[in-house]
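Below is one structure, written out as structure tokens, with a few remarks after it.
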There are 2 protein chains.
Amino acid sequence: MKLNTKSRYAVMALADMSKFPLNDPISLRDISLRQSISLLYLEQIFLKLKKNDIVKSVRGTNGGYVLKRDPKSIKLSEIFQALDQKVKTVGCKKESKKGCNGKLAKCITHELWDELEVYINNFFENKSLNDLLINKNRIN
Amino acid sequence: MKLNTKSRYAVMALADMSKFPLNDPISLRDISLRQSISLLYLEQIFLKLKKNDIVKSVRGTNGGYVLKRDPKSIKLSEIFQALDQKVKTVGCKKESKKGCNGKLAKCITHELWDELEVYINNFFENKSLNDLLINKNRIN
DNA sequence: GTAATACTTGACTATTTTAGTCGGGTATAT
DNA sequence: ATATACCCGACTAAAATAGTCAAGTATTAC
């Protein structure tokens, strides 16, 4: 079970942004330098964040990205969703409520994986961007 | 974030086994047929389960595998460990307690990912093989 | 008005991981 | 003997990941 870099970087970048005055555009170049994330990769990530209304963009010189909402109201679950990053634990089709993989009954561990998915999603649902900043022993 | 088939199959197979009298060896062939998992893949998986003292093997005709302990005492966390399946959320070295990626301080989201790892591991730590069988609306 | 900055977008690619398969064993019950 | 079933290392196709590249467009500063 591994978290991918895209969602991890997205959270890092947004956390970075939320340390600065909220309405100043922050360029990806700056984030790239501060967080050691490839600029081109960040561009990819921010396009998705923009499409999902988490940030807005300001073009041109001194442009950059701005958080669209208060860091308190941006849940990590939204960020993950924006990057199509789902928690996938089950192999069988979720929709097929009764049968799994063409069988008559649910596979023996189906409920377990469902439960795990809900459990993990719950973690992201209950964390906001702001929660990351409260931490004391953080420096950069 | 995705669970891999190896650990998923391992749990499925062990759950399958624990539905039968505990000291009868159960052949991988049977599990393979019942759970629709490739026999050769199961062999790979069970070698690891054996090495990690979760099952023991009985060779020869009518042989198979036997759970080495009571299903109540086999935690899912052990099964995952047996398959080298770790929950990995952080990119930076865990050991380097102070710095991340050569920097002086912990990366901004380091604590978050640590927390997530603990959270997920906790789920597996608190589930036993037996817990899977209690479920009512399960059939096969 | 032109240069520089910074976002925009789709396509492309190397690397890694995953999900298995293959081949050739060994042990044991009947 | 022979069939069954575990044992084990090596191999491989396919998918996912983690980016890069190229070729833009919009805006501001001068």
Side-chain angles (χ1 to χ4, degrees), chain A residues 1-13 17 24-52 54-68 80 83-92 101, chain B residues 1-13 17 24-52 54-68 80 83-92 101:
Chain A
M1 238 180 158
K2 221 180 63 186
L3 200 64
N4 67 7
T5 53
K6 242 174 202 167
S7 22
R8 206 169 69 228
Y9 290 170
V11 176
M12 282 171 74
M17 283 178 72
D24 292 3
I26 296 172
S27 71
L28 294 187
R29 191 170 167 281
D30 286 354
I31 298 176
S32 162
L33 290 172
R34 278 196 297 264
Q35 302 295 333
S36 315
I37 302 169
S38 142
L39 175 60
L40 290 109
Y41 206 27
L42 273 177
E43 292 187 340
Q44 241 187 71
I45 291 167
F46 270 76
L47 277 185
K48 294 203 175 191
L49 292 175
K50 189 190 166 193
K51 271 182 192 152
N52 284 271
I54 294 170
V55 296
K56 60 185 175 191
S57 66
V58 180
R59 303 182 86 162
T61 311
N62 293 327
Y65 284 94
V66 180
L67 287 179
K68 212 163 173 183
F80 278 72
L83 294 159
D84 311 310
Q85 190 57 22
K86 283 166 198 149
V87 177
K88 279 187 185 177
T89 52
V90 197
C92 19
N101 302 324
Chain B
M1 239 181 158
K2 219 178 63 183
L3 199 63
N4 67 5
T5 53
K6 243 175 200 165
S7 25
R8 207 168 69 226
Y9 290 171
V11 177
M12 282 171 75
M17 284 178 72
D24 292 4
I26 295 172
S27 72
L28 294 187
R29 193 171 165 279
D30 286 355
I31 298 176
S32 163
L33 290 172
R34 277 197 297 263
Q35 302 295 331
S36 314
I37 301 170
S38 144
L39 174 59
L40 291 111
Y41 205 27
L42 273 178
E43 291 188 342
Q44 240 187 75
I45 292 168
F46 270 76
L47 278 184
K48 295 204 172 190
L49 293 176
K50 190 191 166 190
K51 270 181 193 151
N52 285 272
I54 294 170
V55 295
K56 59 185 173 191
S57 66
V58 179
R59 301 182 86 163
T61 312
N62 293 326
Y65 284 94
V66 180
L67 288 178
K68 212 163 174 184
F80 277 72
L83 294 159
D84 311 310
Q85 190 56 25
K86 283 166 199 148
V87 177
K88 281 188 183 175
T89 51
V90 198
C92 20
N101 303 324

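Quick note on labels: first sequence line is chain A, next is B, and so on, each numbered from 1. Nothing here was measured: the structure is a model prediction, and the numbers come from that model.
In this structure, the separation between CG on L83(A) and NZ on K51(A) is 11.5 Å, given to the nearest 0.5 Å. Residue L49(B) holds its CG atom at 11.5 Å from OG of S57(B), rounded to the nearest 0.5 Å. Atoms CE and CZ, from M12(B) and R34(B) in turn, are 11.5 Å apart once rounded to the nearest 0.5 Å. Atom-to-atom distance recorded for N4(B):CG and T89(A):OG1 is 12.0 Å, nearest 0.5 angstrom.
A donor-acceptor pair under 3.5 Å is absent between the side-chain atoms of S32(A) and the main chain of S38(A), judged by distance alone.
For T5(B), taking side-chain heavy atoms from C-beta onward, the closest of the listed nucleotides dC22(C), dC7(C), dA19(C) is dA19(C). Comparing dA29(C), dA6(C), dT9(C) by their closest approach to the side chain of S27(A) singles out dA6(C).
To the nearest angstrom, P of dA27(C) lies 11 Å from NZ of K50(B). L83(B) has its CG atom 14 Å from the P atom of dG20(C), to the nearest Å. Atoms CG (L40(A)) and P (dA11(C)) sit 17 Å apart, rounded to a whole Å. Atom OH of Y65(A) and atom C1' of dA6(C) are 9 Å apart (whole Å). Distance CG (L42(A)) to C1' (dT8(C)): 15 Å, rounded to an integer number of Å. Rounded to whole Å, the distance from NZ on K2(A) to P on dT16(C) is 11 Å. Atom C1' of nucleotide dT17(C) and atom OH of Y41(B) are separated by 11 Å, given to the nearest angstrom. One can place NZ of K88(A) at 12 Å from P of dA19(C), the figure rounded to the nearest angstrom.
F46(A) and Y65(A) have tilted rings, their planes meeting at an angle from 30° to 60° on a 0 to 90° scale.
Nearest-nucleotide mapping onto DNA chain D: of R59(A) and K6(A), the residue sitting toward the 5' end is K6(A). Toward the 5' end of DNA chain D, the nearer of the two residues L39(A) and G64(B), judged by each one's closest nucleotide, is G64(B). Nearest-nucleotide mapping onto DNA chain C: of E43(A) and L3(B), the residue sitting toward the 5' end is E43(A).
The residue F46(B) sits apart from the nucleic acid: no heavy atom pair falls under 4.0 Å.
An OP1 or OP2 oxygen of dG20(C) is reached within less than 4.0 angstrom by no side-chain nitrogen or oxygen of S38(B).
Judged as a salt bridge (charged side-chain N to carboxylate O under 4.0 Å, His left out), and not counting sequence neighbours, K6(A) has no contacts.
Extent of DNA chain D lying under 4.0 Å from chain A heavy atoms, first and last nucleotide in 5' to 3' order, is dA18(D) to dA29(D).
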